[in-house]
Amino acid sequence: MTANFDDNEILELWDNRAKDWDIQVGDDGDSNRILNSDPVLWSFAGDVAGLSVLDAGCGTGYLARQLCLKGASVTGIDFSPQMIEIAQFRASQNNLDIDFHLDSCTELNSLPDEKFDAIVSNYVLMDLLDIEGAVKAFNRVLKPGGIAILVFSHPCFPQGKSTTVNEDGTVIYGWDSSYFERIQHNDEPWNHFTTPFIWFHRPLSDYWKVFKAAGFSVDEFEEPRITPERYHLAENDRKLFNSKTRPYSVVFKLLKVK
């Protein structure tokens with residue numbers, strides 16, 4: 001798979017949307033994270049107190065801050081200087097000791113081997129061209145028996161390609177290429193964003209194969225959906241219906257086996 005944008009252009013897009021991204025996720029995550037995926041992430045992570053945890057692709061740092069508040073020793077990395085600047089500022093506002101610094105998820109050159117008990121990578125893998133490099137790097141920096149919790153957009157249901165066609169909530173997903181083809185997508189800005197989103201489609205089976213080839217076994221897997229105790233958090237009936245009836249993401253819990 002080849003990209004239609006070079007690394008510098010992609011970096012510039014993320015730098016330019018850093019402030020908008022901070023608005024999107026805030027301190028608690030956006031509605032999809034709150035309603036659907038974060039409860040699964042925390043269930044898979046368990047008690048993180050006392051653990052060394054890497055937030056790989058931390059963005060503006062909402063999850064890193066939550067991990068720190070739960071007692072983890074947290075390192076957050078992102079390749080966007082503007083994202084890291086905001087993450088550092090937000091942590092300092094809350095007197096949180098988090099090691100934020102610039103690095104690429106596909107390399108993790110600043111991190112030593114076998115440093116972390118756990119890695120979380122929250123809605124990042126679909127934005128990386130070199131997924132093989134990233135997952136190998138995750139394996140390298142994990143301690144033996146460490147875990148990686150990977151959340152990414154569901155490749156079977158691309159929300160940027162969906163159209164609601166009836167008042168009953170019927171949704172159509174438009175595919176203009178083969179599901180099995182690795183391909184770059186350029187989605188138009190949405191909500192309050194002003195820059196396009198570049199991401200890379202791969203079939204779900206490709207992710208599974210990459211995890212295995214890098215030395216991981218799959219311990220748990222889930223397609224997050226809202227649970228009854230969170231129904232009241234949905235902003236409206238449509239959002240509740242959507243969260244109950246289709247997955248926006250997938251969550252893997254991987255174990256380092258070699």
Side-chain angles (χ1 to χ4, degrees), residues 1-26 29-30 33 54-64 74-92 98-113 115-116 119-141 148 150-153 155 158-161 176-177 181-203 206-207 210 214 249:
M1 176 167 50
T2 58
N4 298 327
F5 289 74
D6 64 32
D7 290 344
N8 289 331
E9 290 174 309
I10 293 175
L11 172 58
E12 184 178 358
L13 286 172
W14 281 106
D15 260 353
N16 289 341
R17 78 166 63 99
K19 291 181 180 179
D20 284 340
W21 191 256
D22 190 42
I23 293 170
Q24 179 70 16
V25 297
D30 60 15
R33 288 162 169 81
L54 172 64
D55 185 356
C58 63
T60 53
Y62 96 92
L63 188 60
V74 183
T75 298
I77 66 103
D78 202 281
F79 83 142
S80 163
Q82 292 300 313
M83 293 281 188
I84 289 295
E85 183 177 329
I86 292 172
Q88 290 172 327
F89 176 72
R90 296 289 185 226
S92 67
I98 303 174
D99 179 22
F100 287 112
H101 54 95
L102 288 172
D103 204 340
S104 166
C105 282
T106 59
E107 297 172 352
L108 303 183
N109 285 330
S110 66
L111 301 176
D113 296 355
K115 175 179 174 62
F116 298 100
I119 292 173
V120 292
S121 188
N122 200 23
Y123 292 98
V124 175
L125 290 186
M126 70 282 182
D127 295 328
L128 302 179
L129 176 61
D130 184 9
I131 183 179
E132 287 84 1
V135 177
K136 288 178 182 177
F138 292 173
N139 184 278
R140 177 181 63 79
V141 303
L150 310 179
V151 186
F152 52 93
S153 297
Q159 299 308 312
K161 303 292 184 181
D176 50 15
S177 60
E181 180 183 1
R182 289 191 174 199
I183 190 170
Q184 176 185 316
H185 285 278
N186 306 323
D187 286 354
E188 293 300 315
W190 49 274
N191 202 354
H192 59 278
F193 292 103
T194 58
T195 57
F197 283 81
I198 298 170
W199 57 281
F200 303 95
H201 168 78
R202 309 166 181 89
D206 277 19
Y207 284 100
V210 169
S249 60

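Because the structure is predicted, anything quoted here is derived from the model rather than measured.
- Between Lys19 and Asp22 there is no salt bridge, since no side-chain nitrogen of the basic residue lies less than 4.0 Å from a carboxylate oxygen of the acidic one.
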Self-check item: Test side chain to side chain contact (heavy atoms under 4.5 Å, CB included) applied to Phe79 and Thr106, step by step
Solution: CA-CA 10 Å; Phe79 83 142; Thr106 59; over 6 Å; no
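- Nearest heavy atoms, Gly76 versus Cys58: C-SG, 3.8 Å.
- Shortest non-hydrogen contact noted between Ile77 and Cys105 is CD1-SG, 3.7 Å.
- Residues Arg33 and Val25 are in side-chain contact: their nearest non-hydrogen atoms beyond the backbone lie under 4.5 Å apart.
- A heavy-atom distance below 4.5 Å is found between the side chains of His101 and Leu111.
- Distance check, rounded to the nearest 0.5 Å: CG of Leu125 to OG of Ser153 gives 10.0 Å.
- Using cut-offs of 30° and 60° for the angle between ring planes, the His201 and His185 rings count as perpendicular.
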Side-chain donor/acceptor pairs under 3.5 Å, residues 188-195, sequence neighbours excluded:
from, atom 1, to, atom 2, distance (Å)
His192, NE2, Asp20, O, 2.9
Thr195, OG1, Arg17, NE, 3.1
Thr195, OG1, Arg17, NH2, 3.2

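- Residues satisfying the side-chain contact (heavy atoms from CB on, under 4.5 Å) criterion with Asp15, sequence neighbours excluded, are Leu11, Ser80, Pro81, Gln82.
- With sequence neighbours left out, the side-chain hydrogen bond (donor to acceptor under 3.5 Å, both in side chains) criterion links Asn122 to Tyr62.
- The side-chain contact (heavy atoms from CB on, under 4.5 Å) check on Glu12 picks up Asn16, with sequence neighbours excluded.
- Under the salt bridge (Lys or Arg N to Asp or Glu O under 4.0 Å) criterion, Asp103 pairs with no residue at all, not counting sequence neighbours.
- Applying the salt bridge (Lys or Arg N to Asp or Glu O under 4.0 Å) rule to Asp127 yields no partners; only residues at least two apart in sequence or on another chain are considered.
- Of the possible polar contacts, none joining the Asp78 side chain to the Met83 backbone as a donor-acceptor pair under 3.5 Å is found.
- The salt bridge (Lys or Arg N to Asp or Glu O under 4.0 Å) search around Asp113 returns Arg140, not counting sequence neighbours.
- Among residues two or more places apart in sequence or in another chain, the side-chain hydrogen bond (donor to acceptor under 3.5 Å, both in side chains) test is passed with Glu85 by none.
- Here the closest heavy-atom approach between residue Tyr207 and residue Met126 is recorded as OH-CA, 3.8 Å.
- For Thr75, the side-chain hydrogen bond (donor to acceptor under 3.5 Å, both in side chains) criterion is met by no residue, not counting sequence neighbours.
- Atoms CD1 and CH2, on Ile183 and Trp199 in that order, are 9.0 Å from each other to the nearest 0.5 Å.
- Residues satisfying the side-chain hydrogen bond (donor to acceptor under 3.5 Å, both in side chains) test with Asp206, not counting sequence neighbours, are Arg182.
- A side-chain donor-acceptor contact under 3.5 Å links Asp55 to the backbone of Ala64.
- Looking at residues two or more places apart in sequence or on another chain, you find a side-chain contact (heavy atoms from CB on, under 4.5 Å) between Ala87 and Phe100.
- Counting only distance, with no hydrogens or angles, the side chain of Ser121 and the backbone of Ala56 share a donor-acceptor pair below 3.5 Å.
- Annotation: ring-ring contact (aromatic ring centres under 6.0 Å, His included) contacts of Tyr123 (sequence neighbours excluded): none.
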Quiz prompt | Verdict with supporting geometry, Ile86 and Trp21, side chain to side chain contact (heavy atoms under 4.5 Å, CB included) | solution = CA-CA 10 Å; Ile86 292 172; Trp21 191 256; over 6 Å; no
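- Expressed to the nearest 0.5 Å, how far CD1 of Ile119 lies from CZ of Phe138 amounts to 6.0 Å.
- Between Asn109 atom CG and Leu102 atom CG the span is 12.5 Å, to the nearest 0.5 Å.
- Here the CD1 atom belonging to Ile23 is positioned 10.0 Å from the OG1 atom belonging to Thr60, to the nearest 0.5 angstrom.
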